[in-house]
Amino acid sequence: MNDLIVFVSLLLLCGAIGVSYTSFRSNSIAVLSPAFLWGIFAILFWIIATTSSLSRLHVDAAWQDQAWYWSAILACCPLISVLGAKRPTSRVWNWFIILPLIAVLGWPAVTVLVRYPDLVALKIQAPVYIGFVLVLVMGIGNYMGSRYGLSAFFIGVAVILSLWPMSNSYLGDHDSVTRLRGFASLFCGFAVLHGFRQSIRPSLDESRFDKVWFDFRDAFGIVWSIRIQDRINQTAVKEKWCVRLGTEGFVWEDEAPSDKREHTEERLRHTLYWLLRRFVDPIWIDERLNQQINTLDTSA
């Protein structure tokens, strides 16, 4: 039964690596490329770790622990990489944040590799486990409320399940460890595939600017989008626009004169280009505005 769970999870992970590579190739946001690369690298490690759990391969439990532990670390990297996806921060974020994060979280595994010539089982203490939880809270919380919220949540579940057998509090036998890790891989594969499915789902586009906004929010998460939202609304109040940006997109005044609306649209367009210039290229905004306009023309 355990091997069946592991085999199914491997199929999901193979599908996940395929869609991740496809997403990376089609990605048009340069600052998010490192996050995609970390994601692909993480899935490869999850495939290795999952394969090591197959009973017929007879991989030593200590080496399985190492594979699963590093897989859990790498699964956190894409989520944290997005938090630094802004020019010019993105150029150094991976060197000064992600690599130190890997070094800190990976220290227990490195210690075991260095100290013990005959590799022993990896046991992690409560502070290490709490460290993972804090990192996941930051990464997953950033996508809550977006189209990728469920995928981020299941990545977190996968990481916690993969680490739990190495906790000092875990008392299960080898079969239960394999089963738990098999389910962790299932959650990981499902999360990536669900995220890809969400990425091809049409965005809400009730106004010509909503597609730009929702695509940006979904790609970068709430940490950056809240900052941009505040800046847009501050400018709207200062310049007396007839629109405000809320959780459901841009909300326009129903009784605003046509000339005021045209002026607001022009200023809003300029402001979006200015505020998003460190995240996306102008052509990224053009494609979404023009796509929405073309859709309206066709329906008319």
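These numbers come from the heavy atoms of this one structure, side chains and all, not from hydrogens, waters or symmetry mates. Residue numbers count from 1 along this sequence.
- Following chains of ILVMFWY side-chain contacts shorter than 4.5 Å, one cannot reach Phe132 starting from Val104, and the two form parts of different hydrophobic clusters.
- Under the side chain to side chain contact (heavy atoms under 4.5 Å, CB included) criterion, Thr51 pairs with Leu10, Ile47, Leu54, Leu57, sequence neighbours left out.
- The aromatic rings of Phe41 and Phe45 sit perpendicular to each other, their planes meeting at more than 60°, with 30° as the lower class boundary.
- Under a hydrophobic-cluster definition in which Ile, Leu, Val, Met, Phe, Trp and Tyr are linked whenever side-chain heavy atoms come within less than 4.5 Å, directly or via other members, Ile102 and Ile48 are assigned to different clusters.
- Counting non-hydrogen atoms of other residues, nucleotides and ligands closer than 6.0 Å to CZ of Arg87 gives a total above 12.
- A side-chain donor from one of Arg25 and Tyr21 sits under 3.5 Å from a side-chain acceptor of the other.
- Taken together through direct or relayed side-chain contacts under 4.5 Å among Ile, Leu, Val, Met, Phe, Trp and Tyr, Trp224 and Ile226 form parts of separate hydrophobic clusters.
- With hydrophobic clusters built from ILVMFWY side chains whose heavy atoms lie under 4.5 angstrom apart, Leu161 does not share a cluster with Ile130.
- Atom CG of residue Leu122 and atom CG of residue Leu163 lie 9.0 Å apart, to the nearest 0.5 angstrom.
- For Ile283, the CD1 atom is loosely surrounded, since the number of other residues' heavy atoms within 6.0 Å does not exceed 12.
- Shown here for Ser9 and Thr50, the closest heavy-atom pair between the two residues is OG-CG2, 3.3 Å.
- Val59 approaches Gln64 most closely through the heavy-atom pair O-NE2, 2.9 Å.
- Across every non-hydrogen atom of Phe36 and Ser23, the tightest pair is CE2-CB, 3.6 Å.
- Counting heavy atoms from C-beta outward, Trp93 and Pro34 have side chains that stay 4.5 Å or more apart.
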Q: Test Asn94 against Leu99 for side-chain contact (heavy atoms from CB on, under 4.5 Å), laying out the working first.
A: CA-CA 6 Å; Asn94 289 281; Leu99 292 183; 5.7 Å; no
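- The side chain to side chain contact (heavy atoms under 4.5 Å, CB included) test applied to Thr235 returns Glu239, Trp241, Thr271, not counting sequence neighbours.
- Of all heavy-atom pairs spanning Asn142 and Val82, the tightest one is ND2-CG1, 4.0 Å.
- For Arg231, the salt bridge (charged side-chain N to carboxylate O under 4.0 Å, His left out) test picks out no residue, with sequence neighbours left out.
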Q: Apply side-chain contact (heavy atoms from CB on, under 4.5 Å) to the pair Leu272 and Ile232, showing each step before the final yes or no.
A: CA-CA 8 Å; Leu272 282 174; Ile232 290 175; 3.8 Å; yes
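- Within the model, atoms CH2 of Trp164 and CD1 of Ile160 stand 9.5 Å from one another, a figure rounded to the nearest 0.5 Å.
- In the model, Asp175 has no side-chain atom that pairs as donor or acceptor with a side-chain atom of Thr178 under 3.5 Å.
- Side chains of Lys123 and Asp65 form no contact here, defined as non-hydrogen atoms less than 4.5 Å apart.
- We find the CD1-CD1 distance between Ile80 and Ile98 to be 6.5 Å, quoted to the nearest 0.5 Å.
- Side-chain contact between Tyr116 and Thr111 is absent, with no heavy-atom pair separated by less than 4.5 Å.
- Residues Phe7 make up the rest of the hydrophobic cluster containing Leu11, defined by ILVMFWY side-chain heavy atoms closer than 4.5 Å, directly or through other members.
- Side-chain N or O atoms of Asn233 include none that pairs as donor or acceptor with a backbone N or O of Arg244 at under 3.5 Å.
- The shortest distance between side-chain heavy atoms of Leu150 and Phe154 falls below 4.5 Å.
- Summarising the geometry of Phe279 relative to Val31, their closest heavy-atom pair is O-CG2, 3.3 Å, with the distance given to 0.1 Å.
- Contact of the Trp213 side chain with the Ser225 side chain is registered, since non-hydrogen atoms from C-beta on lie closer than 4.5 Å.
- Within the 4.5 Å cutoff, the side chain of Trp63 has no heavy atoms near those of the Ser52 side chain.
- A donor-acceptor pair is defined here as one N or O able to donate and one able to accept, closer than 3.5 Å; no such pair exists between the side chain of Ser81 and the backbone of Pro78.
- No donor-acceptor pair under 3.5 Å is formed between the side chain of Arg147 and the backbone N or O of Asp218.
- Nearest heavy atoms, Trp46 versus Ala75: NE1-CB, 3.7 Å.
- Between Glu265 and Arg269, none of the side-chain N atoms (NZ, or NE/NH1/NH2) sits under 4.0 Å from a carboxylate O, so this pair counts as no salt bridge.
- Side chains of Tyr143 and Ser151: a donor-acceptor N/O pair is absent below 3.5 angstrom, by distance only.
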Q | Audit row: Ser199, Tyr148, side-chain contact (heavy atoms from CB on, under 4.5 Å) steps and yes/no | A | CA-CA 8 Å; Ser199 70; Tyr148 302 119; 3.2 Å; yes
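- You'll find the side chain of Val128 stays beyond 4.5 Å of the side chain of Trp107, heavy atoms only.
- Residues in residues 66-77 take part in these side-chain hydrogen bond (donor to acceptor under 3.5 Å, both in side chains) pairs, two or more places apart or across chains: Ser53-Trp68, Gln66-Trp70.
- Both Val114 and Ile73 sit in one connected hydrophobic cluster of ILVMFWY residues. Membership requires side-chain heavy atoms under 4.5 Å apart, directly or through other members.
- Taking NZ of Lys240 as the start and OG1 of Thr264 as the end, the distance is 12.0 Å to the nearest 0.5 Å.
- We find that Asp210 and Arg288 are not joined by a salt bridge, their nearest charged nitrogen and carboxylate oxygen being 4.0 Å or further apart.
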Q: Please lay out, stage by stage, how Phe209 and Val243 fare under the test side-chain contact (heavy atoms from CB on, under 4.5 Å).
A: CA-CA 11 Å; Phe209 298 99; Val243 68; over 6 Å; no
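- In this structure, Asn2 CG and Leu180 CG are separated by 10.5 Å, a value rounded to the nearest 0.5 Å.
- Every residue two or more places apart in sequence or in another chain was checked for a salt bridge (charged side-chain N to carboxylate O under 4.0 Å, His left out) with Arg197, and none qualifies.
- When each of Val159, Val135, Ile155 is checked for a side chain to side chain contact (heavy atoms under 4.5 Å, CB included) with Leu79, only Ile155 meets the rule.
- The environment of OH in Tyr129 is crowded: more than 12 heavy-atom neighbours from other residues, nucleotides or ligands sit within 6.0 Å.
- In this structure, OG in Ser20 is found 9.0 Å from CZ in Phe196, a value given to the nearest 0.5 Å.
- Between Phe183 and Phe187, the ring centre distance reaches or exceeds 6.0 Å.
- Side-chain contact between Arg179 and Ser176 is present, with heavy atoms from C-beta onward closer than 4.5 Å.
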